[in-house]
A.B. asks: 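Below are the structure tokens for one structure; questions will follow.
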2 protein chains.
Amino acid sequence: MVTKQFSGSADEADLRRADSLAREIFSDVANKWALLIIEALGDRTLRFSELRSEVEGISHKMLTQNLRMLERNGLAARTAHPTVPPRVEYTLTGPGRGLLATVDAMCEWTHRHIADIDEARRRFGD
Amino acid sequence: MVTKQFSGSADEADLRRADSLAREIFSDVANKWALLIIEALGDRTLRFSELRSEVEGISHKMLTQNLRMLERNGLAARTAHPTVPPRVEYTLTGPGRGLLATVDAMCEWTHRHIADIDEARRRFGD
DNA sequence: CTGGATCCAATTGGATACTG
DNA sequence: CAGTATCCAATTGGATCCAG
């Protein structure tokens, strides 16, 4: 369960707030592009344009949008070098690295089950 | 990286197919509702209506849609009891349980970082 | 109760143009 | 190069109705 259930407590309100926050964070993070960006970053430091080519198929818009989100949540750090042309680098923060571990696990899971799933789909009828 | 990179191999085509399959599976699974349903199921067996109340805020449509997807990929098993009214139960399969482990980790990560993230957001300016 | 189908509003996301 | 803004098509998702 993402949101632990609390009730009858003295500061029930605070706890409900934490719950809704948890759900909000989960919703931010549990999306395809965010996870792919995190996986692409890994423990490296990449420029915007590098990320764009590392994350296959992502559009300019989706990349900036998700990078802002990761930055806002403190999962990725943005460093702008005041050069011309501009050079902006992104890297995962501590919490971001923690999430990376689970994304790695998810990718590993995916690869371990490609064959199973492929067959399951055929059995399902496609 | 979700899709391992291969090239120059004799059966390059097969490998590219596995890659695109991996990406497809990842896209199916890396979405809010799918992960919340998996987390709600855990190692239990739940009816459609039970799932609907366990997964806070999910609509009838999103639930059926995601359950079909999980079933199609062989991550959840559907058992229809031929009673009236119908009783349909869902449970995670072996691969589904494997994925559950990573979702659990992700939920744990979320709870561990609620405070960090809450503060990061404030620093970011909201 | 489960679940498919449809309608329709709201959101998403890509393409493009423009700025520092 | 990095990033924002806009336009617009396509997709999403909720509400509702119907059926087994």
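Reckoned from all heavy atoms, side chains included, excluding hydrogens, waters and symmetry mates. The sequence lines fix the lettering, A, B, ..., with proteins before strands; numbering per chain opens at 1. Source: prediction; values computed, not measured.
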A.B. asks: Any Lys/Arg nitrogen of Glu71(B) or Arg68(B) sitting under 4.0 Å from an Asp/Glu carboxylate oxygen of the other?
C.D. replies: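 Yes, Glu71(B) and Arg68(B) are salt-bridged.
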A.B. asks: dT12(D) P sits how many Å from Trp33(A) CH2, rounded?
C.D. replies: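 Distance check: Trp33(A) CH2 to dT12(D) P gives 13 Å.
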A.B. asks: Can you check salt bridge (Lys or Arg N to Asp or Glu O under 4.0 Å) on Asp28(A) and Arg23(A), steps first, answer last?
C.D. replies: CA-CA 9 Å; Asp28(A) 267 3; Arg23(A) 181 59 168 269; over 6 Å; no
A.B. asks: Less than 4.0 angstrom between a side-chain N/O of Ser49(B) and OP1 or OP2 of dT2(C), yes or no?
C.D. replies: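 For Ser49(B), the contact criterion (side-chain N or O under 4.0 Å from OP1 or OP2 of dT2(C)) is met.
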A.B. asks: Would you kindly give the CD-to-P distance between Gln65(A) and dA2(D), to the nearest whole Å?
C.D. replies: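 From Gln65(A) CD to dA2(D) P: 18 Å.
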A.B. asks: Please tell me which of the listed nucleotides, dA2(D), dT2(C), dG14(D), lies nearest to the side chain of Phe48(A)?
C.D. replies: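 Comparing dA2(D), dT2(C), dG14(D) against the side chain of Phe48(A), the answer is dA2(D).
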A.B. asks: Which whole-number value in Å describes the distance from Asn31(B) CG to dT11(C) C1'?
C.D. replies: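 Spelled out: CG on Asn31(B) to C1' on dT11(C) is 15 Å.
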A.B. asks: Does Arg47(A) put a side-chain nitrogen or oxygen below 4.0 Å from OP1 or OP2 of dA2(D)?
C.D. replies: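 Answer is yes, contact under 4.0 Å.
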A.B. asks: Please find the pair of heavy atoms, one from Ile37(B) and one from Leu67(B), that lie closest to each other, and give the distance.
C.D. replies: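 In this case the closest contact between Ile37(B) and Leu67(B) is CG2-CD2, 4.1 Å.
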A.B. asks: Using atom CZ of Arg72(B) as one end and atom C1' of dG4(C) as the other, report the distance to the nearest whole Å.
C.D. replies: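 Checked: the CZ to C1' distance equals 18 Å.
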A.B. asks: So which one's nearest nucleotide on DNA chain D is more toward 5', Thr64(A) or Gly57(B)?
C.D. replies: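 It is Thr64(A), whose closest nucleotide lies nearer the 5' terminus.
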A.B. asks: Could you walk me through whether His111(B) and Phe26(A) pass ring pair (Phe, Tyr, Trp, His ring centres under 6.0 Å), step by step?
C.D. replies: CA-CA 10 Å; His111(B) 283 109; Phe26(A) 192 86; 9.3 Å; no
A.B. asks: I need the CG-C1' distance between Leu67(B) and dG3(C), as an integer number of Å.
C.D. replies: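 Atom-to-atom, Leu67(B) to dG3(C), this comes out as 11 Å.
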A.B. asks: Roughly how far apart are Glu54(A) CD and Ser49(A) OG, rounded to 0.5 Å?
C.D. replies: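 It is 10.5 Å, given to the nearest 0.5 Å.
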A.B. asks: Once you round it to whole Å, what is the distance between C1' of dG4(C) and CD of Glu71(B)?
C.D. replies: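 Nearest whole value for this atom pair: 14 Å.
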A.B. asks: Looking only at side-chain atoms of Lys61(B), point me to the closest of dT4(D), dA2(D), dG14(D).
C.D. replies: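 Out of dT4(D), dA2(D), dG14(D), the nucleotide with an atom closest to Lys61(B)'s side chain is dG14(D).
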A.B. asks: Expected output is a numbered-order residue list: members of residues 74-91 of chain B with a heavy atom under 4.0 Å from any atom of DNA chain D. What is it?
C.D. replies: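 Residues of residues 74-91 of chain B under 4.0 Å from DNA chain D: Pro86(B).
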A.B. asks: Rounded to whole Å, how long is the line connecting atom CD of Glu50(B) with atom P of dG3(C)?
C.D. replies: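 One finds 13 Å between P of dG3(C) and CD of Glu50(B), rounded.
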A.B. asks: Hey, does Arg68(A) reach any base, or is it just sugar-phosphate, or nothing, if we go heavy atoms under 4.0 Å?
C.D. replies: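 Here Arg68(A) touches the backbone only, sparing every base.
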A.B. asks: Side chain to side chain contact (heavy atoms under 4.5 Å, CB included) for Ile58(B) and Lys32(B)? Distances and angles first, verdict last.
C.D. replies: CA-CA 10 Å; Ile58(B) 197 169; Lys32(B) 178 180 150 177; over 6 Å; no
A.B. asks: Any N or O donor-acceptor pair under 3.5 Å from the base of dG3(C) to the side chain of His60(B)?
C.D. replies: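 Such a pair exists between side chain and base.
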A.B. asks: Please report the closest heavy-atom contact between Ala77(B) and Thr93(B), naming both atoms and the distance.
C.D. replies: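 Shortest heavy-atom contact: N-CG2, 3.9 Å.
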A.B. asks: Whole-Å distance between dG14(D) P and Lys32(B) NZ?
C.D. replies: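 After rounding, the gap between these two atoms is 8 Å.
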